[in-house]
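Each remark here refers to the structure printed beneath this line.
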There are 2 protein chains.
Amino acid sequence: MVRVHDVCAPAAPSAVAARDLTPLPLADVTLDAAHELGAWQSLNRDHTLPHVIERLETSGVLDNLRRIPGESDAPYRGFNFADSDLHKTLEAIAWEAARVPGDQPWEAFTRDATALLARAQREDGYLDSHVQGHPDQEPWRDMRWGHELYVLGHLIQAAIARERATGADDLMDVARRFADLAVTEFGPASTRADGYCGHPEIETALVELFRHTGERAYLRTALAMIDRRGTGALGTGPFESAYHQDHTPVRESREATGHAVRQLYLNAGVADAAAETDDAELIDVLAAQWESAHGAKAYVTGGMGARHKDESFGDPFELPPDRAYAETCASIASFQWDWRMLLATGDGRHADAMERALYNGIASSTSVDGRRFFYSNPLQLRTGHDGTSEYSPSERLDWFACACCPPNLARLVSSLGAYVATGTEIAARLHLYGAGEIRIGATTLTVTTDYPWDGRVDIAVDGPLESLALRIPAWARGATLEVDGRGDDAVAGSDGYARVALGGHAEHAGPRRITLTLPMPVDLLDPHPRVDAVRGCVALRRGPVVFCLEQADLPGGVALEDVRLDPSVAPRVGPAVASLRAGVTLHAQAVVRPAVGLPIATALPRASRTPAPSGMLPGRIALRAIPYARWANRGGGAMRVWIPVDEEGSAT
Amino acid sequence: MVRVHDVCAPAAPSAVAARDLTPLPLADVTLDAAHELGAWQSLNRDHTLPHVIERLETSGVLDNLRRIPGESDAPYRGFNFADSDLHKTLEAIAWEAARVPGDQPWEAFTRDATALLARAQREDGYLDSHVQGHPDQEPWRDMRWGHELYVLGHLIQAAIARERATGADDLMDVARRFADLAVTEFGPASTRADGYCGHPEIETALVELFRHTGERAYLRTALAMIDRRGTGALGTGPFESAYHQDHTPVRESREATGHAVRQLYLNAGVADAAAETDDAELIDVLAAQWESAHGAKAYVTGGMGARHKDESFGDPFELPPDRAYAETCASIASFQWDWRMLLATGDGRHADAMERALYNGIASSTSVDGRRFFYSNPLQLRTGHDGTSEYSPSERLDWFACACCPPNLARLVSSLGAYVATGTEIAARLHLYGAGEIRIGATTLTVTTDYPWDGRVDIAVDGPLESLALRIPAWARGATLEVDGRGDDAVAGSDGYARVALGGHAEHAGPRRITLTLPMPVDLLDPHPRVDAVRGCVALRRGPVVFCLEQADLPGGVALEDVRLDPSVAPRVGPAVASLRAGVTLHAQAVVRPAVGLPIATALPRASRTPAPSGMLPGRIALRAIPYARWANRGGGAMRVWIPVDEEGSAT
């Protein structure tokens, strides 16, 4: 995760853009807990984070570390990267300290955990409880699967967060000792052909450590790792080279492929490295990666990674809704990569993509109580689904054998404020619309809105800011902008931002008042014609929020699979449902076509199309759709995002 | 595989049916090498089988065994069930000996391999080169993954085939020593809760060994294994209980689920056991399994097992064409299970299912040169497909790390004659129509046909047979039957067979002449409405053969993904293509709708539907469709079975 102070954006399109693309300190953004983003942060602090911290103990993560200095005789538990669960949690705690001033409820936990890490750390700085805890293993022997640099990457990110948030350098001491060892082993001078990690993550962390410390060795080491990768030197095991992002040199890797999370973490690190070195070749590769990922391999929810098998991207336009893997960590990684692309290019489509993932593919991972999670985020669950796998359960689970997602969520949500806006004293941009307060130099922006449930965003600008750019999402047609009572169409530049010049209003007393109105009709979305898996279906979206149908909202006796949307009747907005944390629901019309009495076969001659047996005639029903992110909070029934369109009822 | 002499069918519906459901000795059926089934057998003998035998050497299977008596110092290679590759090959060789009289080209190979097996076999009868070849392993310790009983099952089947075909008992001696050890360890008296194999196969083999030897201990051991299974006693490892068919007791397991090949092999064994014990409860469970598998989990090609992940069945109606796993061995297992169901019930839908799998999902596995194979058999390959995985390559491969499929094909094709007909002196049935000669007691049936490319089947009956039942496939509408020149509609009974009484024609000199005509229009098939993955598409089928489109048959510049079938123009039959071993091709009309110039997105607002950019207007083209089984013999381009229907061109 890019930290908020120190990112440079040398590739930004212009001097003004560069000025208005400077990240803000986390403490300078406060999101209102009474509205969507702030409420999510409260849920995260009050429920998700305590749950995650508790699980660090019960899942064995802390004991794995205690074993090293002889403080536990429990056997090692979990995958070999379990240490990273702790590191991600420490990062989340640090952001919470920056976000919520005053007494820090988890400071003692962090100090204890940091001390434990220090006790477990070897003399030479090495720190990986899995390798250290297994006498038959030794450091850096298994670059393909060892995950040691991945674990280090998360440790570095946690240490940076802690130092930035609290000034405490205890965790940083531990992290730098390990990082310096990695620089010695894998820096530019290293001749190890396999001197890079089978799970990218270290790259983005090392670049950020360079930003944080000014020590160029970290940047050079990240660059060396990026340039070594893709020769196949990691070898193969249960998985092929593409799984480990080792199939093609990074500079030639233009298609998003292989293990989705690895590809996306790598892209984030490459974007960091490219930004710091102004490397046009890498930026060009990333642009191609982005078109591949978003143009042919992304779900309407922003989820990525279509395949359960090897957790991989899949072929272009291979986007099954039922078997969508769409791992939570992939959506988070996609969000983080787009943030870096946004900073590097200033192109608002990256903020659009962040928004899409945030409200859909990321939000869907967490239950309304904040304590249960999806690892994968399918867009359809069938009647009769076998929910026994933790990778395709019928309802969210409270933990996982591979628990990468919950602490990843915790650190993302705790740092959400960092992604809302960028800028400097003179010029700023708003990327995500959330009610709250943003301090930029001597200016305070007070944002009042019920976004994403309502498209009106009121912004009070109090201070010397001269230019404010407001993102006009690609989904918004007919947006309008009112400045101090004077209205106009909101005309976005080619970068997707409408710019408000504030300097000419010096006669006006008090804060400037801006009202951005993003109309939010209900959009019916068609799949791209090459997405075979949902042909003949539409998805409902309003603003950035994708909706779904759930069995729980259907009349008794109607199976979700038999519902056909009537697209000739425009869906309309229905009331909020507080228990689902849904600010809006939708109402639509449908025809029920019971698939009963058909032969025992999955394919039928056209000639055999017959009306349903008597008593099972088609009937019209009213549908309620809820935000996709809120499904499976009322038991484990069928769900679908893509709704078949009734052929006969269609007016198109 | 049920061997042909000795199967009893106690559950057959009537005395006549029981008589006409008796399997025939393999040597009594000769298929004409100039027509489809016989030609496939020739290809198998001349190319597939020699290729497989060669690979037994080069893949290490034989060396694995030679290591045990110290005749090789090569390391063990392959999965822990690699011995079964040899066993299946020995079975195929044996059936070839029965099928083609005279000098046996592989008799020396069989004798040598049998002698090697005897030298490797332990004093107590145990014989598994993986366990014996690893000092840290011991017999029967890992029932979940050990595959020892699976390997034994294939050894038993090979030994039975060899003894039946040639009378030689050398392999049977080896097999029975191992089988007797298994009876001691896992017979009814055993108290081992985990006394069954994580990969079913032994069950069907033991029942057949009982039929072959008359020794009831084998039957009782099979029954004991079936009744123990499903308690979870095998435990779990990388896979869940359902993968190992250990999630539910067999008598309660009514849904086809978990690992497809394991489920289907298990069902075959259960069908054998049920037939031998007249167990109505098991037959009822199998009927439910069949409706689950064929009603909601079978591809139009007969392929089963939708998921790559864990090679499993998937949810009802979850049938993606692109990610269809449809393992070759699953189609073979399905064929073998349906054969047993046919013998047990006399219901022709089981023969229909066998035929569907045979000409489509099984046939697709093998290249026209007989030396390359698909492990999985998808129904769609996309432009831009990543074919690097052996489980989803762009073209057939000549071998596999897990090489279960090629030798399984060899043994199936060599024994095809066994599945064509059943009967006794008085009454017989024809199940599969292939040109050739069938001897039933003193009667000879001479079948003349170009089936499956032509629906006319001429049968000359020479001998005292009194009743001949002819299967009328469910796809055949308007079938007619002519007996000695007198024609009539072919009226099938509820079991799907039309019966010809031959006894009343005693005045007639020479053979009776029967002509069955099965009309073969081109059928347009719709998916079942719950199969979401191919909504808005049709499949082309003619007779039992499913067709597909291949990129190789499209005009330059037209992407297969842009082709939309015009269903208002009836497809017609085109010429054969000898190089593809395609007796028929089809011609259809299509509209090309280029998906170019669309936004970079996989979902698009309905409002953004615009005509293609100028120069890329929709155009009409003529399509050629080839038999699905023959795809990927002209390079690795895009392919699809389910073809999107043009919305505007549709007349429906």
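All chains are named by letter (A, B, ...) in the order of the sequence lines, taking the proteins before the strands, and each is independently numbered beginning at 1.
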**OP:** For each of B/R382, B/R640, B/H528, B/H247, tally heavy-atom pairs with chain A at distances under 4.5 Å, and name the one with the top tally.
**Re:** B/R382
Original post:
Using a cut-off of under 4.5 Å for heavy-atom pairs, which of A/E255, A/E291, A/R541 has the most such pairs with chain B?
Top reply: A/E291
Subject >> Cationic N near anionic O, under 4.0 Å, A/R530 to B/D562 >> reply: yes
**OP:** Can you measure from CZ (B/R323) to CZ (A/R323) and round to the nearest 0.5 angstrom?
**Re:** 9.5 Å
Original post:
Which bit of A/W475 is near chain B, if near means a heavy-atom gap under 4.5 Å: side chain, backbone, both or neither?
Top reply: neither
**OP:** Using non-hydrogen atoms and a 4.5 Å limit, figure out which bit of A/D532 sits close to chain B: side chain, backbone, both or neither.
**Re:** both
**OP:** Tell me the residues of residues 302-310 of chain A whose non-hydrogen atoms fall below 4.5 Å from those of chain B, in number order.
**Re:** A/R307, A/H308, A/K309
Original post:
Do you know the tightest heavy-atom contact between B/R606 and A/D526?
Top reply: NE-OD1, 2.9 Å
**OP:** With a 4.5 angstrom heavy-atom cut-off, could you sort out which part of A/T388 is near chain B: side chain, backbone, both or neither?
**Re:** both
Subject >> For the student: nearest non-hydrogen atoms of B/R535 and A/G536, plus distance >> reply: CD-O, 4.1 Å
Original post:
Nearest 0.5 Å, what's the CZ-OG1 distance between A/F317 and B/T602?
Top reply: 8.0 Å
Original post:
What are the two closest heavy atoms between A/L525 and B/A603, and how far apart are they?
Top reply: CD1-CB, 4.3 Å
**OP:** Select one option (side chain, backbone, both, neither) describing which atoms of B/P316 are under 4.5 Å from chain A's heavy atoms.
**Re:** both
Subject >> Interchain contact, A/V534 with chain B, by part (heavy-atom threshold 4.5 Å) >> reply: neither
**OP:** Look only at the side chain of B/D315 and the backbone of A/D386, and say whether a donor-acceptor pair between them is shorter than 3.5 Å.
**Re:** yes
Original post:
What part of A/A539 is in contact with chain B, defined as an atom under 4.5 angstrom from a non-hydrogen atom: side chain, backbone, both or neither?
Top reply: neither
Subject >> Portion of B/T257 that has a non-hydrogen atom of chain A nearer than 4.5 angstrom >> reply: side chain
Subject >> Most contacts with chain B, counted as non-hydrogen pairs under 4.5 angstrom, among A/S389, A/P321, A/P527 >> reply: A/S389
Original post:
Heavy-atom distance under 4.5 Å to chain B: side chain of A/E240, backbone, both or neither?
Top reply: side chain
**OP:** Below 4.5 Å from any heavy atom of chain B, which atoms of A/P529 appear? Answer side chain, backbone, both or neither.
**Re:** both
**OP:** Identify which part of B/S241 has an atom lying under 4.5 Å from any heavy atom of chain A, answering side chain, backbone, both or neither.
**Re:** neither
